[in-house]
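I have placed the structure first, in the form of structure tokens, so that the comments after it can refer back to it.
The sequence lines fix the lettering, A, B, ..., with proteins before strands; numbering per chain opens at 1. Side chains included, hydrogens not; waters and symmetry mates left out as well; all remaining heavy atoms used.
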There are 2 protein chains.
Amino acid sequence: MALSHAILVSLLDRPQSGYDLAKRFDRTVGFFWKVSHQQIYLELHKLARSGWVASAPVEPSERPNRIAYQLTEDGRKALDQWMLEPTEPPNFKEEMIVKLFALEASNRDTIRKEIERRRDLHTQRLAHYQALMAEHYPEPARLSARRRGRYLGLRMGIVTEQTTIAWCEEAIACIDLDAPKRTKSDPARPR
Amino acid sequence: MALSHAILVSLLDRPQSGYDLAKRFDRTVGFFWKVSHQQIYLELHKLARSGWVASAPVEPSERPNRIAYQLTEDGRKALDQWMLEPTEPPNFKEEMIVKLFALEASNRDTIRKEIERRRDLHTQRLAHYQALMAEHYPEPARLSARRRGRYLGLRMGIVTEQTTIAWCEEAIACIDLDAPKRTKSDPARPR
DNA sequence: ACGATATACGCAACAGATTGCATATGCAAA
DNA sequence: TTTGCATATGCAATCTGTTGCGTATATCGT
């Protein structure tokens with residue numbers, strides 16, 4: 001049950017509505033962990049039923065249809081308990097690997113282009129993460145505990161993208177290892 | 001629908017039963033993609049209903065309760081179609097990041113130990129992958145197309161584990177950056 | 001005044017995946 | 001001979017997560 005606990009962690013900071021949580025997810029871990037707003041509303045209802053969160057008073061200045069939730073004592077205890085439990089390595093369903101397993105039986109040109117597309121996509125993501133890093137963490141050595149956790153999350157994003165890009169380059173070079181040599185004037189690539 | 005296509009790709013090789021497929025999954029991509037045997041049996045039924053696989057004759061020498069499936073013409077077409085579709089980057093629900101987001105509010109010692117545990121686990125996985133690499137792909141430059149796809153899958157496993165281990169080391173070093181200095185004779189670590 | 005966009009919540013149906021249970025055979029070790 | 005293990009399949013319940021739809025209000029530009 002990772003999402004519910006991610007919500008609890010976010011509520012440690014301050015009371016938030018489902019909408020707030022969804023936006024915050026998108027801005028922080030959203031790139032490598034997609035969560036739909038439906039899922040968040042659903043989890044909030046469940047957490048409320050468990051008594052781990054409760055509706056928080058909404059400032060009269062805010063919209064009336066907004067429902068903010070705050071962490072309860074029970075929720076805080078549940079979170080502390082969860083922190084003690086071991087984490088599983090995430091599993092990682094990379095469809096590219098499945099396609100590569102079919103390398104012999106399928107069109108190499110298609111696969112190569114797809115890996116190139118993925119490489120470009122990850123290059124964009126990396127640039128985005130690096131911009132965030134430069135903007136928010138110019139001096140990592142001097143961060144508060146609160147910001148250090150977020151910094152490490154972003155670092156994971158960066159090293160993951162770098163690794164993925166390097167792997168894509170390796171895969172592109174590897175796919176045609178047995179193909180006949182090509183020249184610039186004859187760039188046709190055989191199947 | 002990635003699992004169903006992974007099954008189709010595996011059946012490209014030869015007809016297989018659910019049990020065969022499950023074992024093969026465990027031996028190949030199983031480390032980073034856990035699939036239960038139930039899920040495989042379920043998908044096989046679905047694929048059979050769609051007409052993408054069909055029961056294959058079972059050798060009389062084999063156990064009678066074994067049901068092997070083979071790819072049909074339709075299944076092969078569906079697979080070719082799927083190869084043309086773009087792949088999404090996998091999403092990657094790393095619970096450690098959620099825990100790190102709670103760094104300020106929780107026990108650092110617990111988090112540090114958990115990251116050390118994860119680092120050790122990934123170190124074991126890496127050793128396992130490297131053993132597989134040495135055993136099966138001692139000379140990567142001379143592989144057939146069939147084996148090259150599998151080689152690249154294993155390479156992805158290796159670089160992913162290496163990256164994860166390096167990130168764990170970085171995180172361990174980073175967690176206590178603001179803690180008072182410790183000596184070997186006084187290894188107590190404050191919260 | 002109108003439309004676009006952002007805010008804000010939720011239901012219903014489905015798909016994907018896990019967990020626990022049930023069943024049955026064959027083989028080898030204690 | 002009994003116990004346990006590997007082989008081999010499957011149901012039912014549950015949980016997790018997605019997709020599509022529906023409903024509002026507020027804000028802002030034209």
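- Listed pair S36(A) / dG17(D) fails the phosphate criterion, with no side-chain N or O lying under 4.0 Å from OP1 or OP2.
- Checked against ring pair (Phe, Tyr, Trp, His ring centres under 6.0 Å), F25(B) has the following partners two or more places apart in sequence or in another chain: W33(B).
- Remark: S17(A) is in phosphate contact with dC9(C), judged by side-chain N or O atoms under 4.0 Å from OP1 or OP2.
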Collect all protein-nucleotide pairs involving nucleotides 10-13 of chain D in which both atoms are nitrogen or oxygen and the distance is under 3.5 Å.
unit_1, atom_1, unit_2, atom_2, d
dG10(D), OP2, H45(B), NE2, 3.2
dG10(D), O6, Q38(B), NE2, 2.7

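- Taking a 4.5 Å side-chain heavy-atom cut-off between Ile, Leu, Val, Met, Phe, Trp and Tyr, the cluster of L42(A) contains only that residue.
- Nucleotide dA6(D) holds its P atom 16 Å from the CG atom of D20(B), rounded to whole Å.
- The nearest whole Å value for the distance from the OH atom in Y19(A) to the P atom in dT23(D) is 19 Å.
- Proximity of K23(A) to the phosphate of dT7(C): a side-chain N or O atom is located under 4.0 Å from OP1 or OP2.
- For the pair I40(A) CD1 and dT7(C) C1', the interatomic distance rounds to 15 Å; values are reported in whole Å.
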### Message
Does K99(A) form a side-chain contact (heavy atoms from CB on, under 4.5 Å) with W82(B)? I'd like the steps, not just the answer.
### Response
CA-CA 9 Å; K99(A) 291 196 176 177; W82(B) 177 74; 3.6 Å; yes
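- Q39(A) places its CD atom 16 Å from the P atom of dG20(D), with the value rounded to the nearest Å.
- The stretch residues 84-91 of chain A has no heavy atom under 4.0 angstrom from DNA chain D at all.
- Partners of E88(A) by salt bridge (Lys or Arg N to Asp or Glu O under 4.0 Å), not counting sequence neighbours: none found.
- Taking atom CD of Q16(A) as the reference point, atom P of dT7(C) lies 14 Å away to the nearest angstrom.
- The shortest distance between the side-chain N/O atoms of K46(B) and the OP1/OP2 oxygens of dG16(C) is below 4.0 Å.
- Remark: E135(B) engages no residue in a salt bridge (Lys or Arg N to Asp or Glu O under 4.0 Å) (not counting sequence neighbours).
- Partners of Y41(B) under the ring pair (Phe, Tyr, Trp, His ring centres under 6.0 Å) rule, at least two apart in sequence or in another chain, do not exist in this structure.
- Atom CH2 in W33(A) sits about 11 Å away from atom P in dT18(D), given to the nearest Å.
- Put simply, CD on E43(A) is 16 Å from P on dC9(C), counting in whole angstrom units.
- Computed from coordinates, the L21(A) CG to dC9(C) C1' distance equals 13 Å when rounded to whole Å.
- Remark: K93(A) is not in phosphate contact with dG16(C), judged by side-chain N or O atoms under 4.0 Å from OP1 or OP2.
- There is no side-chain donor-acceptor pair under 3.5 Å between S144(B) and E104(A).
- Taking D74(A) as the reference, nothing meets the salt bridge (Lys or Arg N to Asp or Glu O under 4.0 Å) condition, with sequence neighbours excluded.
- Remark: R147(A) engages no residue in a salt bridge (Lys or Arg N to Asp or Glu O under 4.0 Å) (not counting sequence neighbours).
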